[in-house]
Amino acid sequence: MAGLMDGRAGLVTGAAGGIGRATAIAFGREGAAVVVNDLEDRRDDGDETVRLVEAAGGRAAFVAGDVRRAADHEALVGAVVDAYGRLDFAHNNAGVELSETLADTTEAQWDLIMDVNLKGVWLGLRAQMTQMAAQGGGGAIVNTASLAGLIGAPALGAYVASKHGVNGLTKTAAIEGAPHEIRVNAVCPAAIATAMILQQPYERRQELASPQALKRFGRPEEVADAVVWLCSDRASFVTGTAMPIDAGSTAGIVLPGEVT
Ligand SMILES: NC(=O)c1ccc[n+]([C@@H]2O[C@H](COP(=O)([O-])OP(=O)(O)OC[C@H]3O[C@@H](n4cnc5c(N)ncnc54)[C@H](O)[C@@H]3O)[C@@H](O)[C@H]2O)c1
């Protein structure tokens, strides 16, 4: 059966685990070739993602790189083009979290969150959109924002600011990309069961998930399916959106209850 992404090639940042790994696997299952990126010290986990993409039916290679560095984005895009001929899609997904009040956030912590979550996405968009515009034929990019890109949250100020920034960048990128048929969207997940959430103490996990009407943590695959759809031709008229994948968190007043 034909896959949604047959013959397409692209990249996923922050794909050594969590949402990025699930997305890379989902792209592979739909017939794509994927360059899997993460930090050098996550190489073993990145190689495991490659193995899982191949097992799902796709082609893949791991390329280490730090999304804070422009040269690493150029190298990532270059790796996709060298290996597979063109860049059809990109998922700017790498991110870091900080649970700290505004008063207790240090400048170094602020800078790290902004550099990875916001500058990292801008540098990715710049490299990817330049390549897509030059090669012609359009392309699709998805940025991982967050529910924290749509609403505020206690002890999450730097992260909230960075993810609101990602949604702003996404809208502008969609407008600038449109003449080249490059679509750019964001996904805004609520609490998903990855290292980022699971490493938090029980009370903090409950706090972060408290806006959710569905009282369970999401699975990375539930975000991955939306990312693949947004990158596919099925979403050909969708650009500039910040899609909530949020278990009803932005639907309205939510009843209290334990999230499991
Ligand atoms: N888990 C959630 O509840 C949740 C909710 C909303 C949004 N998000 C966002 O989803 C994305 C993926 O997070 P996750 O939940 O899978 O957590 P995760 O920690 O498993 O994944 C993040 C990945 O990014 C990588 N990374 C960090 N800094 C990097 C850098 N400078 N260069 C390259 N890679 C880097 C990490 O090594 C890691 O593999 C993040 O942007 C996160 O903010 C997560």
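Nothing fancy with the numbering, it's 1 onward along the sequence. Numbering of ligands and ligand atoms starts at 1, following listing order.
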Could you check [atom] against the protein and tell me its nearest heavy-atom contact, residue, atom and distance included?
atom	answer
atom 34 (N) of ligand 1	Ala94 CB, 3.5 Å
atom 37 (O) of ligand 1	Asp38 OD1, 2.6 Å
atom 10 (O) of ligand 1	Thr144 CG2, 3.2 Å
atom 6 (C) of ligand 1	Pro189 O, 3.1 Å

| task | Nearest 0.5 Å please: distance from the CZ atom of Phe89 over to the CE atom of Met132. | result | 9.0 Å
| note | Output for pair (Ser162 OG, Leu118 CG), nearest 0.5 Å, gives 6.5 Å
Closer than 4.0 angstrom, basic N to acidic O: yes or no for [X] and [Y]?
X	Y	value
Glu97	Lys163	no
Asp88	Arg86	yes
Asp233	Arg8	yes

Where does [X] meet ligand 1, judged by heavy-atom distances below 4.0 Å: at the side chain, the backbone, both, or neither?
X	value
Pro220	neither
Lys163	side chain
Leu208	neither
Ile192	both
Val67	both
Ala148	neither

Around atom [atom1] of [X], are there more than 12 heavy atoms from other residues, nucleotides or ligands closer than 6.0 Å?
X	atom1	result
Lys171	NZ	no
Arg204	CZ	yes
Glu107	CD	no
Arg69	CZ	no

So is [X] in contact with ligand 1, going by heavy-atom distances below 4.0 Å?
X	result
Thr13	no
Arg42	yes
Ala15	no
Cys188	no
Gly65	yes
Tyr159	yes

| field | Given Leu208, Leu98, Leu102, the one that forms side chain to side chain contact (heavy atoms under 4.5 Å, CB included) with Leu156 | value | Leu208
| query | What do you think, any protein heavy atom under 4.0 angstrom from atom 32 (N) of ligand 1? | reply | yes
Enumerate the atoms of ligand 1 whose separation from the nearest heavy atom of [X] is less than 4.0 angstrom.
X	result
Ala191	3 (O)
Ile19	10 (O), 15 (O), 16 (O), 44 (C)
Gly18	16 (O), 20 (O)

| task | Mind running side chain to side chain donor-acceptor pair (under 3.5 Å) on Thr170 and Asn143 for me, showing each step along the way? | result | CA-CA 7 Å; Thr170 300; Asn143 301 320; 3.0 Å; yes
| field | His91 versus Thr144, side-chain donor and acceptor atoms under 3.5 Å | value | yes
